[in-house]
Amino acid sequence: MPELPEVEVVRRGLERWVAGRPVSGVEVAHPRAIRRHVAGAHDFAARLTGRTIEAARRRGKYLWLPLKGADEASGAEEALVAHLGMSGQLLVVDPGSPPEKHLRVRFSFADGGPELRFVDQRTFGHLLVAPLVDGVGGRVPEPIAHIAPDPLEPAFDADAFAARLRARRTGIKRALLDQSLISGVGNIYADEALWRARLHWARPTETLTRPKINELVTAVREVMHAALAEGGTSFDHLYVNVNGESGYFSRSLAVYGRRDEPCPRCGTPIRRDPFMNRSSYSCPRCQPRPRRARI
DNA sequence: ATCGTAGCCTGGAGGC
DNA sequence: TGCCTCCAGGCTACGA
């Protein structure tokens, strides 16, 4: 379940192990992995083969690898875009190592060094090649131009976020999970940040004061920085970083996945509520349900 | 325009 | 033991 901190760990791994290397081969083992590359697997491979990866960038949970040189036909700058979904991994492995059970796409390099492999059990992740366009905070891949900056980016505008948030007519957690308002916040860190800010997940956005919104943004940043410092959250074998190393932030979570365990702040048993066919974890005492709740 | 929901997908857990 | 159902969850498409 990679969220922003985990994706950032992967980005750093890609920057170190893949940037500057020329792609020599692309093998799409499972077409669903490139379903958002509408021109298909052949085009996907053709756009990458012979190109050199320049760098590794990230916004929210999206990664992209800008490619050196423009596309010959369109003249556009392009990038390999990746979203890990729930279970996606980008692994840097020895070319001779046996294929992983859920290997979806394999990239080889002209330098003969380690391969890059996209492995994804639940197939919610995807890869595509897309042109770069001008967006908030710089050049971004066209398909993700609608995603708002994440709270760790310099381009994140807290004033604009607060204004748009208060104009919404929904619950705060639903708004936090809306990647067009603020990107990179998933179910885990939404619950953790709301707990830190002592906000119930169903609190109507229009009732939030500016100081409370600032507190919430600070809480989001703190929980992400904490996760990043520990190498990202991990619950099981599914999440590993680019080198195959597991993160271990899960033991630091205050409420997520801790139903009936004591709140670290007041000792009240943590509750689990159904939310959008999923779960919300919160402390009944620190985060009382508002009288007018918006789900 | 904005808000809310169904559906995508696999495998582990737990019930019987 | 094996079969069944539930659960995890980011994102898109679509309906209201």
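Letters A, B, ... mirror the listed sequences (proteins, then strands); counts begin at 1.
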Within less than 4.0 Å of OP1 or OP2 of [N], is there a side-chain N or O belonging to [X]?
X	N	value
A:Gln179	C:dG10	no
A:Arg174	B:dC3	no
A:Ser87	C:dA8	no
A:Lys101	B:dT10	no
A:Asn277	B:dA6	yes
A:His102	B:dG11	yes

Tell me the interatomic distance from [X], atom [atom1], to [N], atom [atom2], rounded to whole angstroms.
X	N	atom1	atom2	result
A:Leu84	B:dT10	CG	P	18 Å
A:Ile147	C:dT12	CD1	C1'	11 Å
A:Phe275	C:dC7	CZ	P	16 Å
A:Asp120	C:dG10	CG	C1'	12 Å
A:Leu177	C:dA8	CG	C1'	14 Å
A:Arg35	C:dC11	CZ	C1'	9 Å
A:Leu165	B:dC3	CG	P	10 Å
A:His126	B:dT10	NE2	P	17 Å

Which part of the nucleic acid, if any, lies within contact of [X], taking any heavy atom under 4.0 Å across all strands shown: a base, the sugar-phosphate backbone alone, or nothing?
X	value
A:Arg169	sugar-phosphate
A:Arg272	sugar-phosphate
A:Tyr62	sugar-phosphate
A:Arg36	sugar-phosphate

Given [options], identify the nucleotide with an atom nearest to the side chain of [X].
X	options	answer
A:His146	C:dG10, C:dT12, B:dC8	C:dT12
A:Arg32	C:dA8, B:dG11, B:dC9	B:dC9
A:Phe124	B:dG11, C:dA8, C:dG10	C:dG10

Inset, instruction - Just do the side-chain hydrogen bond (donor to acceptor under 3.5 Å, both in side chains) check on A:Ser280 and A:Lys173 with the steps written out, would you? - result: CA-CA 9 Å; A:Ser280 262; A:Lys173 182 168 174 181; 2.7 Å; yes
Inset, instruction - Give the ring-plane orientation class for A:Phe156 versus A:Phe161, where under 30° counts as parallel, over 60° as perpendicular and anything between as tilted. - result: tilted
Inset, instruction - Examine the base of C:dG10 for any acceptor or donor lying under 3.5 Å from a partner atom in the side chain of A:Arg278, and report the outcome as yes or no. - result: yes
Inset, instruction - Using distance alone, with no hydrogens and no angle criterion, decide if A:Asp191 and A:Trp201 have a side-chain donor and acceptor under 3.5 Å apart. - result: no
Legend entry - Criterion salt bridge (Lys or Arg N to Asp or Glu O under 4.0 Å) on A:Arg11 and A:Glu8, from CA distance to verdict: CA-CA 5 Å; A:Arg11 189 201 67 76; A:Glu8 173 58 18; 3.0 Å; yes
Legend entry - salt bridge (Lys or Arg N to Asp or Glu O under 4.0 Å) evaluation trace for A:Lys61 with A:Glu6: CA-CA 9 Å; A:Lys61 298 169 206 171; A:Glu6 291 83 357; over 6 Å; no
Legend entry - A:Arg51/A:Glu78 under salt bridge (Lys or Arg N to Asp or Glu O under 4.0 Å): CA gap, chis, key distance, verdict: CA-CA 10 Å; A:Arg51 310 279 291 278; A:Glu78 293 184 313; 3.1 Å; yes
